[in-house]
Amino acid sequence: MSEVTSPILELQQQRMLLQMEYEEEKEAFQQARQAQGIERMVARGDAWLPLRVGRSYYNSLNQLCVEVYRQPVADEEEPLDHNFEFGKPVQFFKMLSGATPSAKQKSLNTQLSTLNISGTVSYVDGDRMVIAVPDGAPLVDLMQPAQGHQLGVMLFFDETTYRLMFEALERTMRAKGRLGYLRDLFYSRQQAETFVFPDMSFPYLNSVQERAVNQVLRAKDVAIVHGPPGTGKTTTLVEAIHETLHREPQVMVCAQSNMAVDWISEKLVDRGISVLRIGNPSRVDDKMLSFTYERRFEAHPDYPHLWAIRKAIRELRASKKRGDSYHQKLESLKSRATALEISIQQELFGEARVIACTLVGSANRLLDGMHFPTLFIDEAAQALEAACWIAIRRAGRVILAGDHCQLPPTVKCYEALKGGLGRTLMERIANDKPECVTLLRTQYRMHEDIMRFSSDWFYHNLMVAAPEVRNRSILDLDLPMTWIETPVAPPSAPEGATIVATRESRGNEAPSGAVGGASISNVSEARLTLLALQAYFELIGKERILQERIDVGIISPYRAQVQLLRQLLRKNEGLKPFRRAITVNTVDGFQGQERDVIVISLVRSNDEGQIGFLRDLRRMNVAITRARMKVIILGDRHTLTRHPFYRKLWQYIQALKH
């Protein structure tokens, strides 16, 4: 007898797990602030110090904003990465500039004091950030910090996102009408409804992509486009949106992250579709900014008139003369400003065919009262269920796209993860309603031998390499995948290349003080990683690398190793001519990207066979499948191959030699 679960009970379970995650993350955040020195927070990218304050102004959305600039530190060769992005909450602080590093490490409370100014990131571009702060914030404290103090800004715990997710779950549990119908459908094995009409033909798509678009068009309730790496998921989704807009006046497109929203928005704009982006993009350039609501709003011909009225309101409020006509004038000006704002807003939303935002961004007040026939959620396999429900309330039907065999949602509480918080809405519907899913099977990115391992392990051996990429390689008779063993010497290397290494004992991994105890680095493996790349470059030849613009991604699952590799790369003279072609980042940082050559440093090396979160195999799927032509893996075989996945991967790579 099959188990019947109430949708309300399922949502209550989600709420309980989300509460556990909220409490765990908040507690971890508070402990980290108390236990970590400010230098470590800066190194982690969670704080900027020292800070220079620029101008303050009101933006087109009438928010008080202040510009801040990250000041370079004397011994810092290159700016550190950071975690500031649009929508994140921040708090300003001041710190004694004469405090020694050891004193700073002891406690934030003794040397650091927070200011009564918090805000939200509005815009980040390199070392410049714009922060929206409440009206009346004491900006004088920023402009004139106390003598002997440095000014800084740090990320603050994000209560807003959790509040919106809790509200979404409560609203969904109470829902009647269409939202209640979708809730009951998604949490049952009831079959989703479809329209019936003949298949349409799309000449730019392969047969499976074409089937996916037709399935999206036929869906009354829900459809899923399951896109493994390199299979043209974005191309298929853009075509589905384009075709849907022949039938509907407007659709909403969401994703979990700003980066994913930017990516799909850019592709839609390239297709000639009018996009209105709610919120600011993570990559700041004129093309991306041109379709943001804020930039469009201030480019509207009526905006100068609105700005003048807003200025008059501020001047009137600042005026000390408050006669009988004060309130009358103020109300008249506010009424005119509101009418003009609504007029501009209606025009901008009326012109747009696609409204694009993050799932959390779909709660923006600009969208109050709006409803869309169709909601598309890209990278749906990275979004918590609760976040999806924030946006679903605005939609008549839902199209999910992504791959639950790649990066999962971030869940920090182990008990919540064990309870099922990491299981996404896309995964739930795919399991319960396989008839709604189209698996894209032809990949156009990588050599067949790179694809085959991923296909065997994650996709039931269903993937096929397109003929044009099946045998793509940089060198004749080159192995598409190699595993260089660490920390033994001499390591495996391409024939003819020279790598110098010394034998070291197992256990080279070490917690990184610079990035926090949770991250791990491996100095000897980091050095070997760059030596291996240098050796491969010697085989290809400098002229060819530069002429053909061969690009490389160096990936490590551990952030501390990424920072270490970047430091070593800056000092490596042999790789200096190719530095522009080399990107070093975490697995998450490479999501959605591809490179000719991918080098992976797995870091873990210990006698116990502990591999930590390398057990999350979906991350390895992402790392390996970023490559077009070559994958070089560096790892301690004796530590890693105790796990069946890495044992199978090692055996697979060895078999390629024969």
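Heads up: numbering here begins at 1 and tracks the sequence. The model shown is predicted, which means the values in this text are computed figures rather than measured ones.
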Begin with the C-alpha distance, continue with both residues' side-chain angles, and end with the deciding distance and a verdict on side chain to side chain contact (heavy atoms under 4.5 Å, CB included) for L115 and Q91. CA-CA 7 Å; L115 300 173; Q91 178 146 37; over 6 Å; no
Could you check N431 against R189 for side-chain hydrogen bond (donor to acceptor under 3.5 Å, both in side chains), going step by step and ending with a plain yes or no? CA-CA 9 Å; N431 288 341; R189 293 192 181 273; over 6 Å; no
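- Aromatic rings from W48 and F84 are positioned such that their centres are separated by under 6.0 Å.
- In this structure, S122 and N59 approach most closely via the heavy-atom pair OG-ND2, 4.4 Å.
- Remark: R15 is not positioned above the aromatic ring of F166, lacking an NZ or CZ atom under 6.0 angstrom from the ring centre and at most 45 degrees off the axis.
- Counting heavy atoms from C-beta outward, P281 and T292 have side chains that approach closer than 4.5 Å.
- Judged by a 6.0 Å distance limit and a 45° cone about the ring axis, R55 is positioned over the six-membered ring of Y57.
- A cation-pi arrangement, defined by a distance under 6.0 Å to the six-membered ring centre and an angle within 45 degrees of its axis, is absent between R428 and Y187.
- Residues L276 and Y293 are in side-chain contact: their nearest non-hydrogen atoms beyond the backbone lie under 4.5 Å apart.
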Check against side chain to side chain contact (heavy atoms under 4.5 Å, CB included), M165 and L384: CA-CA 9 Å; M165 287 196 287; L384 292 174; 4.1 Å; yes
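- Looking at heavy atoms from C-beta onward, T194 lies out of side-chain contact with Q215 at the 4.5 angstrom threshold.
- Between F92 and T114, every side-chain heavy-atom pair lies at or beyond the 4.5 Å cut-off.
- Under a 4.0 Å N-O distance rule, the pair D270/K287 qualifies as a salt bridge.
- Here F93 and F156 keep their ring centres 6.0 angstrom or further from each other.
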Given Q591 and T586, is the side chain to side chain contact (heavy atoms under 4.5 Å, CB included) satisfied, shown in steps? CA-CA 9 Å; Q591 173 75 351; T586 59; over 6 Å; no
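- Geometrically, K311 does not engage W307 in a cation-pi contact defined by less than 6.0 Å to the ring centre and at most 45° from the axis.
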